[in-house]
Amino acid sequence: MSTWTDRRLTDLLGVAAPVLQAPMAGASTPAMAIGAARGGGLGSLPCAQYTPDQAREAIAQFRAAVDAPLNLNFFAHTPPAPDPARMMAWRARLAPYYVEAGLDPAPPPPAGGRAPFDEAFCALVEELRPEVVSFHFGLPEAGLLDRVKATGAKVLSSATTVAEAVWLEVNGADVVIAMGAEAGGHRAVFLPGFGEAIDNRLDSAAQPGLFSLLPQVVSAVAVPVIAAGGIAEARGVAAARALGASGVQVGTAYLFTPEARIPPAHRAALDEARDDNTMITDLFTGRPARGVANRLMLELGPIGGEVAPPFPLAGGALAPLRQDGTNADFTNLWAGQSARLAPRGLNSEDLTRLLADA
């Protein structure tokens with residue numbers, strides 16, 4: 001199936017093709033993971049969007065449909081301390097949009113957030129023993145990570161700089177995902193940069209693109225490296241292979257498959273996505289993420305700095321304005337810079353095979 005001669009990743013993960021379906025919280029589904037696995041790649045489930053019971057159900061769906069390795073993805077962030085003053089300021093900043101939409105800005109908004117990897121999720125990993133466990137925003141604390149590795153699971157995590165890649169290797173990652181600035185969704189950044197604290201979200205402006213980052217990471221670590229960011233079709237796969245990647249992780253292209261679960265506004269935005277109309281913004285969650293530019297990003301400025309509460313609290317106040325994903329002005333429209341290159345009309349299995357044959 002695959003033309004890759006570097007077999008380190010496929011042998012390590014037990015897959016036929018070095019293609020990872022990105023675990024996109026809010027968009028990936030068990031059906032998408034099943035399709036990716038049937039196509040020879042590694043299917044992923046975004047467990048940050050699940051409760052443990054929901055994760056157990058999604059894993060059961062996957063196991064019932066296909067006999068293949070599975071990646072469970074978790075967030076490794078530290079939940080922020082409560083900051084009522086900042087939350088009130090954020091609600092006040094959004095109040096004119098509430099009034100315009102005929103909504104009352106006074107009641108407390110729904111809670112927003114994604115759950116970090118914790119004792120309950122670790123127990124789930126120990127019980128169900130997935131072949132692969134991946135993390136976003138670094139790694140969990142050492143005790144939890146040791147328990148994950150004791151199950152035999154291979155551990156993956158994403159790096160946005162060489163320093164992060166080296167840190168991940170030293171601290172137990174079996175594979176590093178080199179995530180370039182082109183990638184859609186949340187930046188994986190977890191180490192402070194340029195002497196600043198991690199919550200200085202302007203550091204994302206310095207994130208290198210994949211063509212710069214990938215060969216430097218490959219030279220800096222001994223573990224296999226997966227390329228992520230701006231890879232949507234065969235030419236991107238070939239370029240990643242030429243720069244030393246052992247595999248690729250693809251996200252945005254899978255959003256065009258029928259297995260993706262995204263709201264109508266997001267689907268429409270993807271059809272209009274170009275190389276020059278995505279931006280990195282922290283307004284929707286409190287952490288930098290790339291998406292198609294919309295009204296909120298343009299009027300408030302894509303990087304809110306001290307305006308939006310820290311991750312993952314900012315999203316709750318936007319939930320009423322999103323109107324179940326029908327209002328594109330206030331919906332996070334995650335997409336990478338190569339969305340326009342993504343193949344159309346393919347399901348997840350066929351897309352995986354197409355990428356694997358590149």
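Each residue takes its place number in the sequence, starting with 1.
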Taking side chain to side chain donor-acceptor pair (under 3.5 Å) as the cut-off, I'd like each qualifying pair that reaches into residues 13-23, sequence neighbours left out, listed once.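 The answer is Gln21-Ser28.
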Working to the nearest 0.5 Å, report the span between [atom1] of [X] and [atom2] of [Y].
X      : Y      : atom1 : atom2 : result
Leu318 : Leu296 : CG    : CG    : 6.0 Å
Leu103 : Gln323 : CG    : CD    : 7.0 Å
Arg340 : Asp271 : CZ    : CG    : 12.5 Å
Glu57  : Tyr50  : CD    : OH    : 9.0 Å
Asp275 : Gln337 : CG    : CD    : 8.0 Å
Gln49  : Asn73  : CD    : CG    : 10.0 Å

With a 4.5 Å cut-off on side-chain heavy atoms, are [Y] and [X] touching?
X      : Y      : answer
Val133 : Leu156 : no
Pro18  : Trp4   : yes
Val221 : Val162 : no
Val250 : Leu355 : yes
Pro343 : Leu351 : yes
Leu255 : His266 : yes
Asn327 : Arg322 : no
Arg93  : Leu300 : yes

Does [X] reach the main-chain N or O of [Y] with its side chain, forming a donor-acceptor pair under 3.5 Å?
X      : Y      : result
Asn294 : Ala328 : yes
Arg38  : Val66  : no
Asp350 : Leu346 : no
Ser212 : Gly209 : no
Arg344 : Phe256 : no
Trp90  : Ala317 : no
Thr281 : Leu283 : yes
Asp11  : Arg8   : no
Asn71  : Ser134 : yes
Arg287 : Phe137 : no

Between [X] and [Y], what is the shortest heavy-atom contact and its length?
X      : Y      : value
Gln61  : Ile34  : O-CD1, 3.8 Å
Ala293 : Leu298 : CB-CD2, 4.4 Å
Ala339 : Thr252 : CB-CG2, 3.7 Å
Gly336 : Thr278 : O-CG2, 4.0 Å
Val225 : Ala178 : CG1-CB, 3.9 Å
Cys122 : Val148 : SG-CG2, 4.4 Å

Can you find a side-chain donor-acceptor pair between [X] and [Y] that sits under 3.5 Å?
X      : Y      : answer
Asn347 : Thr257 : no
Ser246 : Asp6   : yes
Thr285 : His186 : yes
Glu259 : Ser348 : yes
Thr29  : Arg261 : no

May I ask whether [X] and [Y] are part of the same hydrophobic cluster, defined by side-chain heavy atoms of I, L, V, M, F, W, Y residues being less than 4.5 angstrom apart, directly or through others?
X      : Y      : result
Leu210 : Tyr254 : yes
Val155 : Leu124 : yes
Leu354 : Ile226 : no
Ile59  : Phe121 : yes
Trp167 : Leu145 : yes

Hey, is [X] close enough to [Y] for a salt bridge, meaning N to O under 4.0 Å?
X      : Y      : value
Arg235 : Glu233 : yes
Glu119 : Arg147 : yes
Lys149 : Asp146 : no
Glu182 : Arg187 : no

Apply side-chain contact (heavy atoms from CB on, under 4.5 Å) to the pair Gln207 and Val189, showing each step before the final yes or no. CA-CA 9 Å; Gln207 185 188 355; Val189 60; over 6 Å; no
Parallel, tilted or perpendicular, judged at 30° and 60°: which one describes the rings of Phe75 and Phe311?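 Phe75 and Phe311: tilted rings.
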Lys/Arg cation over aromatic Trp334: Arg290, 6.0 Å, 45° cone: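 So Arg290 doesn't make the cation-pi contact.
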Ring centres of Phe330 and Tyr97 under 6.0 Å apart?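 Phe330 vs Tyr97: aromatic centres under 6.0 Å.
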Taking the six-membered ring for Trp, are Phe74 and His136 closer than 6.0 Å centroid to centroid?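 Not close enough - the centres of the two rings lie 6.0 Å or further apart.
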As a test of understanding, state which of Ile177, Ile231, Leu42 forms a side chain to side chain contact (heavy atoms under 4.5 Å, CB included) with Gln249.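 Going through Ile177, Ile231, Leu42 one by one, the side chain to side chain contact (heavy atoms under 4.5 Å, CB included) with Gln249 is satisfied by Ile177 alone.
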With Val132, the side chain to side chain contact (heavy atoms under 4.5 Å, CB included) member among Leu13, Leu70, Leu20: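 By the side chain to side chain contact (heavy atoms under 4.5 Å, CB included) criterion, Val132 pairs with just one of Leu13, Leu70, Leu20: Leu13.
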Give a yes or no on this: more than 12 heavy atoms of other residues, nucleotides or ligands lie within 6.0 Å of atom OH of Tyr98.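 Atom OH in Tyr98 is crowded, with more than 12 foreign heavy atoms closer than 6.0 Å.
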